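Since the model is a prediction, treat every value here as computed from it, not as a measurement.
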Amino acid sequence: MDMMEKLEILTESAKYDVACTSSGSQRSGQAGSLGNAVSFGICHSFAADGRCISLLKVLMTNGCIYDCAYCINRKSNPVRRAAFTPQEIADITMQFYRRNYIEGLFLSSGIMRSPDYTTEQLIAALELLRNEYHFRGYIHVKAIPGADDALLSRLGMLADRMSVNIELPSQDSLRKLAPDKSKQSILQPMGLITNKITENSTELVKYKHAPRFAPAGQSTQMIVGATPDTDYQILNLTEGLYKKYKLKRIFYSAYTPVVEDSLLPSLDTKPPLLREHRLYQADWLLRFYGFEARELLDEAAPNFNPLLDPKCSWAINHREQFPVEVNRASYEMLLRVPGIGVRSAQRIIKARRAGTLDFHALKKLGVVLKRAQFFITCKGRPLEGLKVGEHTLLRSLMSGQELAKFQQPEIEQLSFFDDSYLAALPEAGRAASFRYGG
Amino acid sequence: MFATTSLAYSYDGSFEGLLCCVFESYQWKETPLAIHSEGSGQGLLLEAKWIETDKMKADRVLRSIPLKISREAEDLLRLGFWSAVPDKEMLLLNFLYLGFTHGPAVMNMLADDTVCALNKAVRLLRREGHHYLGFVRFTVYGPVMAAVIEPQGYVLPVIEDHFCDRFQSESFMIYDRTHRMALIHQPGRRAIIPLEEWIPPQPDETEAAYRSLWQSFYHAIGIKQRRNDRQRASMMPKRYWKHLPEMTGKQADRPVRTARKQQTPRRPRELQ
Ligand code: SF4
């Protein structure tokens, strides 16, 4: 089989892992070696699905001894199989990197023979890259559940980031769809990696040049929409993982049917892209906006509203906290206002030092007034001529532009100005009691 | 700030030249109607005063910026000068008026029209620079490699450190065809020099082979069911495509089905 064909097969079977970021590591170049790493990450291209291509994302092999129902590489799926040698992986990574096609490598693999054997192969490829080719670019490697601790530790010394995919958000779903895996077999390596990273950071305090273990941290991925798990379950799990395992990122992957299975949504099911998008938004709210999962969802309303982003939903349900005075509000409170993001909040804080802000100024600072207007005052006053009927409010908060990106028929067919839809939105009836105070 | 004269200034297009325009304006306490660089073909309708570039004058203005305003203001000025915003000269002059009046506080005056416009221009330049960290594509010619870019802003100084650090042991060139400048790097040495024209030689067989490997990777990595041309074009604007092998190769010429078409009634038939 020629290289081209191999690359096609092993890319095809790697592409459902959505992580492609190259962020979190900062490492300068060195004479005699190739590459560096920059902490903000760099996208080198964008695929036809609009997603960033940063890393050469391939599998070592797509052969697998396991039979996870949702996976294109499952043992029982009749697909073409191929495998790279460590040498081939190292060579193509170097060649692509030199041409600035990529930021580095994202290497994963189906399970060949055993988790240990597979991990040894991954180590061989990375050792070649790091020690022989002196490659200093970014490497993300998947930890294989069930592999020996000592092997996983060696792997982590060669990579910038490691990940173990949870894939399914509950024990129940795992049992049904990934019978060879258990919650334990996934959390165990995750815990090991967390401990290694912590240990390593204390070592680094003592010895500045101690070798680094996965300096860009750990991430994981969850499939959304293959199982009946709710957004609330997913978000709670997310929060727990960030806290307990200090994960750097959690990725959500709208389930794209690749194999027929009675336990799974049928093959013509469209990937729930909007739901995935809402989860990413909520994830940001947890990481950068100081929100907690239980503020955003609860047992009674366990799923996000497709029409409103999670922050707007929250704001509508917490009108007693508004309006806030832009010239006095804390940074934390500014972040909770719909239409004000991290950047515009920072700009507001900065610009406040140079003078009092009015609505005109806010616009220039990048605040989306269309949404923010209902939740703020400037110098004690609301925007002139502001009407706060419940429909105006809800219509302004829904972003047709945002929804249009998803091109999903069910969204496209729905009229944004359809009153029956508005009525279904959270507590719309309370708009009338939305008052401005001093 | 000063009375506006009926004159425009015209200068040689260099950063020092612009600083001399600033000097001139302060010396005569006048604000020009416009500032044009030589050869920009603008300002034919306005009477223009030619401002000679004088290193001493330029230095005096430049030194006063960190003293009277701040270091950050100096950086902003330089980046603003590299940006592609129209009438950048007047914008920069107005920014300096404000800076010399308000001191370091000018950097916080984000709601001011001039400061806001300048920050925006610089943001665009930075964004374009960041784009190019990813979108530069080298062609390997044996021991050397070269890339061509056609940026709107003058990004070479913005991306210079990154590439020289990353490819420390390589000899390479990045040619900016818009501004006719080239970043040249050899291990231990680098320079940005004017270069009127450069036509890339034909790639050899090895190069062609890696290019097509990259193209196949590119096409294999996209998920069909998630195709989203609009998203792609907003993340990777079309003006970059010309120099990206994955967007210009044979495979990229395959007719692109737009998102609209995917939703026409033909779709169900495809699924059968
Ligand atoms: S172990 Fe991994 S590659 Fe193998 S079937 Fe399960 S998900 Fe797929």
Neighbour count above 12 (heavy atom, 6.0 Å) for [X] [atom1]:
X: A/Arg343; atom1: CZ; value: no
X: B/Arg190; atom1: CZ; value: yes
X: A/Lys379; atom1: NZ; value: yes
X: B/Arg126; atom1: CZ; value: no
X: B/Arg123; atom1: CZ; value: yes

How long is the span from the [atom1] atom in [X] to the [atom2] atom in [Y], to the nearest 0.5 Å?
X: B/Met235; Y: A/Ile53; atom1: CE; atom2: CD1; value: 12.0 Å
X: A/Thr256; Y: B/Ile223; atom1: OG1; atom2: CD1; value: 5.0 Å
X: B/Leu110; Y: A/Arg352; atom1: CG; atom2: CZ; value: 12.5 Å

> Would you call B/Asp112 and A/Lys364 a salt bridge, taking side-chain N to carboxylate O under 4.0 Å as the test?
Replying inline: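 Salt bridge flag = no for A/Lys364 with B/Asp112.
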>> So that I can tick it off, tell me whether A/Glu12 and B/Lys224 are bridged by a salt bridge, with the cut-off set at under 4.0 angstrom between side-chain N and carboxylate O.
In response: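 Result for this pair is no, no salt bridge flagged.
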Toward chain B, the part of [X] with a non-hydrogen atom under 4.5 Å:
X: A/Leu34; value: both
X: A/Ala254; value: both
X: A/Ser33; value: backbone
X: A/Ser28; value: both
X: A/Glu276; value: side chain
X: A/Arg347; value: both
X: A/Leu56; value: both
X: A/Arg98; value: both

Where is the tightest heavy-atom contact between [X] and [Y], given as atom of each residue plus distance?
X: A/Gly32; Y: B/Ser169; result: N-OG, 2.8 Å
X: A/Phe96; Y: B/Phe217; result: CE2-CB, 4.4 Å
X: A/Ala354; Y: B/Met109; result: CB-CG, 3.8 Å

Is the shortest heavy-atom distance from the side chain of [X] to the side chain of [Y] under 4.5 Å?
X: A/Arg51; Y: B/Arg226; value: yes
X: B/Ser212; Y: A/Met4; value: yes
X: A/Arg99; Y: B/Trp214; value: no
X: B/Glu246; Y: A/Tyr101; value: no
X: A/Asn100; Y: B/Phe135; value: no

> Do you know which of B/Arg211, B/Lys120, B/Glu207, B/Met145 has the most heavy-atom pairs under 4.5 Å to chain A?
Replying inline: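 Result: the option with the highest number of such pairs is B/Glu207.
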>> I'd like to verify something: which residue of B/Val115, B/Thr139, B/Asp113 has the highest number of heavy-atom pairs under 4.5 Å with chain A?
In response: B/Asp113
> Can any side-chain N or O of B/Asn108 pair as donor or acceptor with the backbone N or O of A/Arg353 at less than 3.5 Å?
Replying inline: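 Side chain of B/Asn108 to backbone of A/Arg353, a donor-acceptor pair under 3.5 Å: no, none is there.
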> Donor-acceptor pair, B/Gln168 side chain versus A/Ala31 backbone, under 3.5 Å?
Replying inline: yes
>> Could you go through A/Asn36 and B/His162, starting from their C-alpha distance and side-chain angles, then the distance that decides it, and tell me whether this counts as side chain to side chain contact (heavy atoms under 4.5 Å, CB included)?
In response: CA-CA 9 Å; A/Asn36 61 11; B/His162 172 84; 4.3 Å; yes
> Relative to chain A, which segment of B/Phe163 carries a heavy atom at a distance below 4.5 Å: side chain, backbone, both, or neither?
Replying inline: side chain
>> Checking an interface table here. Which of residues 40-50 of chain A come within a heavy-atom distance under 4.5 Å of chain B?
In response: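 At a heavy-atom separation under 4.5 Å, chain B is reached by A/Phe40, A/Gly41, A/Ile42, A/Cys43, A/His44, A/Ser45, A/Phe46, A/Ala47, A/Ala48, A/Asp49, A/Gly50.
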> Listed by chain and number, what are the ring-ring contact (aromatic ring centres under 6.0 Å, His included) partners of B/Phe100, not counting sequence neighbours?
Replying inline: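 Partners of B/Phe100 under the ring-ring contact (aromatic ring centres under 6.0 Å, His included) test: B/Tyr26.
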